[in-house]
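A, B, ... follow the sequence lines: proteins, then strands. Residue 1 opens every chain.
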There are 2 protein chains.
Amino acid sequence: MVLTEKQKELIEQFGVLNEKYGLPPAECRVWGLFLVADKVELTFDEIMETLHLSKGGTSNALNRLMMTHHIEYITKLGDKKRYFRCKMNNWTQMTKENFEKFDDLNVILKEILKARTTKTPQFNNDLKEVTEFLDFVYKELMIAIKKWENRK
Amino acid sequence: MVLTEKQKELIEQFGVLNEKYGLPPAECRVWGLFLVADKVELTFDEIMETLHLSKGGTSNALNRLMMTHHIEYITKLGDKKRYFRCKMNNWTQMTKENFEKFDDLNVILKEILKARTTKTPQFNNDLKEVTEFLDFVYKELMIAIKKWENRK
DNA sequence: TTTTGAGTTCAGCAAATTATGAACCAACTT
DNA sequence: AAGTTGGTTCATAATTTGCTGAACTCAAAA
């Protein structure tokens with residue numbers, strides 16, 4: 001598969017952004033490839049060749065993307081190959097999970113608050129407000145997502 | 001400064017969680033120290049000694065935390081030292097910035113959508129829905145934050 | 001003007017993370 | 001049964017990241 005310069009550029013941009021969130025470069029590029037490619041179904045070899053990845057690297061990236069539900073594969077009768085494709089119906093779930101991690105922080109902050117000295121009332125009060133804010137935003141977010149899911 | 005076991009434990013928990021988001025361990029611990037410490041103002045040396053960090057590591061961590069507005073410092077007349085402290089009024093801003101990064105992803109997705117072949121209408125439509133969803137959640141979030149800021 | 005104190009910078013090292021590629025496996029073909 | 005195909009595993013190599021500590025800067029004090 002041959003990519004245009006624009007496509008390559010977009011893969012890299014998408015990659016850099018996701019690397020900031022801790023994804024390995026190869027995995028980002030594979031994911032990006034699915035988003036920019038002119039076809040929806042890609043085979044192992046196509047991905048490997050197009051991105052100049054090693055077999056192991058390709059295998060690893062695909063498996064990680066499957067574990068995180070960003071892609072899936074289908075098979076075809078009388079064909080041993082797998083056809084990988086991007087799951088697009090997964091983003092609300094993904095976003096939710098993202099915000100749940102964000103809620104984990106709040107759990108720890110509340111624990112910290114409980115354990116704090118009483119000698120810093122101003123600080124403790126500020127921290128309490130933070131936890132209340134995080135509670136509030138989290139709730140509003142879940143409402144928003146639900147609203148989206150039930151739209152129309 | 002001597003920390004209780006509980007305080008140490010909380011610093012580590014807070015650290016591990018933030019490391020997941022790409023912060024370096026030392027920086028996480030410094031931030032955590034501010035949250036659990038029995039005093040609000042900490043000096044360079046206190047931080048360094050309490051966390052067994054090197055000078056360079058301490059300097060680096062403090063500067064990064066200042067750049068990201070998690071801490072600030074004050075000075076005292078006739079005292080060369082800086083007194084660092086955690087900024088607690090910053091969390092709504094912080095949360096906003098966090099979600100702006102999240103919006104950056106959407107910018108790229110929209111670019112990708114523009115550059116895509118017209119031969120995959122189903123995929124393109126799914127991708128468009130994702131960008132609309134992200135737009136929606138982002139807007140709702142900003143509304144929620146505004147609501148919080150104007151409460152009472 | 002020298003000394004001291006507070007913090008910065010940076011070369012070099014250690015640890016962790018990723019990618020490679022060859023050996024391997026399992027299923028299908030011939 | 002031998003060969004082929006599609007993919008996995010894993011030891012090793014390459015790269016990246018984070019930390020240390022010594023040399024340094026800069027400002028204030030002596």
### Query
In whole Å, what is the span from the NZ atom of B:K55 to the P atom of D:dA23?
12 Å
### Task
Please state whether the rings of A:F99 and B:F99 are parallel, tilted or perpendicular, taking 30° and 60° as the class boundaries.
perpendicular
### Message
Of the listed nucleotides (D:dG6, C:dA19, D:dC19), which one gets closest to any side-chain atom of B:S54?
### Response
D:dC19
#### Entry: A:Y21 OH to C:dT17 P, straight-line distance once rounded to whole Å
20 Å
### Task
May I ask you to verify if any side-chain N or O of A:R82 is less than 4.0 angstrom from the OP1 or OP2 atom of D:dT5?
no
#### Entry: A:K81 side-chain N/O to D:dG6 phosphate OP1/OP2 under 4.0 Å
yes
### Query
C:dA6 P sits how many Å from B:L62 CG, rounded?
15 Å
### Whole angstrom value for the distance that separates P of C:dT8 from CD1 of B:I47
11 Å
### Task
Decide yes or no for A:V36 and A:T4: does some side-chain heavy atom of the first lie under 4.5 Å from some side-chain heavy atom of the second?
no
### Message
Please determine whether any donor N or O and acceptor N or O are separated by less than 3.5 Å between the side chain of B:K80 and the base of C:dG5.
### Response
yes
### Message
Just the rounded figure in Å: distance from P of C:dG5 to CE of B:M48.
### Response
14 Å
### Task
In whole angstrom, give the distance that lies between atom CG of B:L42 and atom P of C:dG7.
12 Å
### Gap between atoms CD and P, on B:E19 and C:dA16 respectively (whole Å)
11 Å
#### Entry: Nearest listed nucleotide, side chain of B:F44, among D:dG7, D:dC19, C:dG7
C:dG7
## Note on the structure
Between CZ of B:R29 and P of D:dG18 the distance, given in whole Å, is 13 Å
### Message
Please classify the nucleic acid contact of A:L53 as base, sugar-phosphate, or nothing, using heavy-atom distances under 4.0 Å.
### Response
sugar-phosphate
### Residue-phosphate contact under 4.0 Å: A:R64 side-chain N/O, D:dT8 OP1/OP2
no
### Task
Using a strict 4.0 Å threshold on nitrogen-to-oxygen distance, state whether B:K147 and B:E140 make a salt bridge.
no
### Query
Can you say whether the rings of B:W31 and B:F14 are parallel (under 30°), tilted (30 to 60°) or perpendicular (over 60°)?
perpendicular
### Message
It should be established whether A:N63 places a side-chain nitrogen or oxygen under 4.0 Å from OP1 or OP2 of nucleotide D:dT8.
### Response
yes
### Task
Between B:G57 and A:G78, name the one whose nearest nucleotide on DNA chain C is closer to the 5' end.
B:G57
### Message
Under the side chain to side chain contact (heavy atoms under 4.5 Å, CB included) test against A:L113, which residue among A:N125, A:N124, A:V130 passes?
### Response
A:N124
